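Sequence lines set the chain letters: A, B, ... in the order given, protein chains first and strands last, and positions in each chain run from 1. All values derive from a computational prediction rather than experimental measurement.
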Protein chains: 2
Amino acid sequence: MRKGEETRTRILDVAEAAVLQKGFGGTSIEELIAETGITKSGFFYHFRDKNELAKALLNRYIENDERIYDEIFSRARDLMDDPLQSFLLGLKLLSELLSDLPNGHPGCLVATICYYERLFDREIQEINRQAALTWRRRFRGMFEEIMAVYTPREPFDVDQLADMVSTVIEGGIVLSKALKEPQSLPEQILVFRSFVKMLFRPVQHA
Amino acid sequence: MRKGEETRTRILDVAEAAVLQKGFGGTSIEELIAETGITKSGFFYHFRDKNELAKALLNRYIENDERIYDEIFSRARDLMDDPLQSFLLGLKLLSELLSDLPNGHPGCLVATICYYERLFDREIQEINRQAALTWRRRFRGMFEEIMAVYTPREPFDVDQLADMVSTVIEGGIVLSKALKEPQSLPEQILVFRSFVKMLFRPVQHA
DNA sequence: TAAAAACCATACCGGCGGTACAGGAGCGGG
DNA sequence: CCCGCTCCTGTACCGCCGGTATGGTTTTTA
């Protein structure tokens, strides 16, 4: 019962890389089993069909994504007491982490699914939606903490501000992929960071 | 030779909608010819293969995209003399235009291609890259005009600032698709607009 | 009016997603 | 020791799809 999990993980590893490079439609099951060194029957033992592969892939991706955010922003929280400084540091750490990926960010599965909606069932689309909502909640929490201490220069809707983080990341991924400039994504995050800094930096004189 | 163009356009129309909903891999040629009311031979008369369909689709999409940007920002330029006010108005107009799409933005073909790179030849990827570079040039031009008049509160790299426009649009599209909230995209553009306003609003006293 | 453009009809190929079914290796528990 | 469960392998098959080939027909235009 351990061996099975291992094979399953191997399939998911291979599939994730392939899907991010070629999309779901462009990734053949035969190609996955060839690279995994498994047979077709073996594959279908683990996943009933491509839809279930996508579901497992997406769930795993989101889980890992959350873990990374947890780590980065809790580390930033430990280093900085002030919620604004902590958030700004978190963005910096995120930018650095993305900057260190040699080939750039491999792509976001949530975005991939967005451009394939009709191919998958509602369950997958709902998982995708929940992932985006979780991002929103996460960053809204941070902005609320900040706003308990700082007053923004202009009034902002907190949800929209929170969504801006996801927007910049998703957009940055697309842009660096299109431009073939891996540095664009971390740069865009830093630009956003400057905006946030500007928004809460006290004009207050003394 | 006019009839040919018409049929070609009809194929592209059908294909564009299908590709944005299901991706390239998920869109079958047989499905396109069924909806267009053409035969397979007829299709392959117009496009040698799927790669050429993609190329035509992408070129047409980019062309149309540029046209819309031209219209919006030249209109804004006519209404406002000041480059900052003109740019801010342009973003507002863009947001309103996107807000009026009943089903939300159908998706960006450039982004779709990004998540399929390995499926297409280098030519298509280069077209995609040039499109993103054109966006950069367009918005950099606007920011340069603004900076000739206004001094930003913080120093910014003009290219990165220009890229931020594309980032917000691409990211906003992904987010509204994931959330199934069409309003997110126009909202995010307005959030970015506020940031730009904040960046150049004169702290200058008289 | 004749060529060129814009198709239609048919047949075929190989790859791929998916199904069905038969069986086997390893392993843990009664 | 063998039963049953997990975790596969092997083989055969189906239908859809991308793509090729070939030959013919209509429509348009020079």
Proximity to the side chain of [X] - top-ranked nucleotide from [options]:
X: B:Ser41; options: C:dG18, C:dT10, D:dT9; value: C:dT10
X: B:Asp49; options: C:dC8, D:dG19, D:dC17; value: D:dG19
X: B:Tyr45; options: C:dC8, D:dT9, C:dA5; value: C:dA5
X: A:Thr39; options: C:dG17, D:dT9, C:dC8; value: D:dT9

Inter-end axis angle, the helix from C:dT1-D:dA30 to C:dG30-D:dC1, with every axis fitted to five base pairs (rounded, 10 degrees):
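It works out to 10° between the end axes.
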
Mind checking if B:Arg48 touches a base, just sugar-phosphate, or nothing, with heavy atoms under 4.0 Å?
sugar-phosphate

If the threshold is 4.0 Å, N to carboxylate O, is there a salt bridge linking B:Arg60 and B:Glu63?
no

Side chains of B:Ser176 and B:Gln183: donor-acceptor distance under 3.5 Å anywhere?
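There is no such pair (donor and acceptor under 3.5 Å, judged by atom type) between the side chains of B:Ser176 and B:Gln183.
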
Think B:His46 has a side-chain N or O under 4.0 angstrom from the OP1 or OP2 of C:dC7?
yes

Just so I know, are the side chains of [X] and [Y] near enough to count as touching, which here means a heavy-atom distance under 4.5 Å?
X: A:Leu190; Y: A:Leu91; answer: no
X: B:Met80; Y: B:Phe87; answer: no
X: A:Val165; Y: A:Trp135; answer: no

In whole angstrom, give the distance that lies between atom CD1 of A:Ile29 and atom C1' of D:dC16.
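Spelled out: CD1 on A:Ile29 to C1' on D:dC16 is 14 Å.
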
Step through it carefully: locate the ring centre of A:Phe143, locate the ring centre of A:Phe139, and say whether they are under 6.0 Å apart.
no

Does A:Lys40 get its side chain close enough to the base of D:dG10, under 3.5 Å, for a donor-acceptor pair?
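Checked by distance alone, the answer is no.
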
Determine whether any donor atom in the side chain of B:Lys50 lies under 3.5 Å from an acceptor atom in the base of D:dG19, or the reverse, and answer yes or no.
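Result: no qualifying N/O pair found.
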
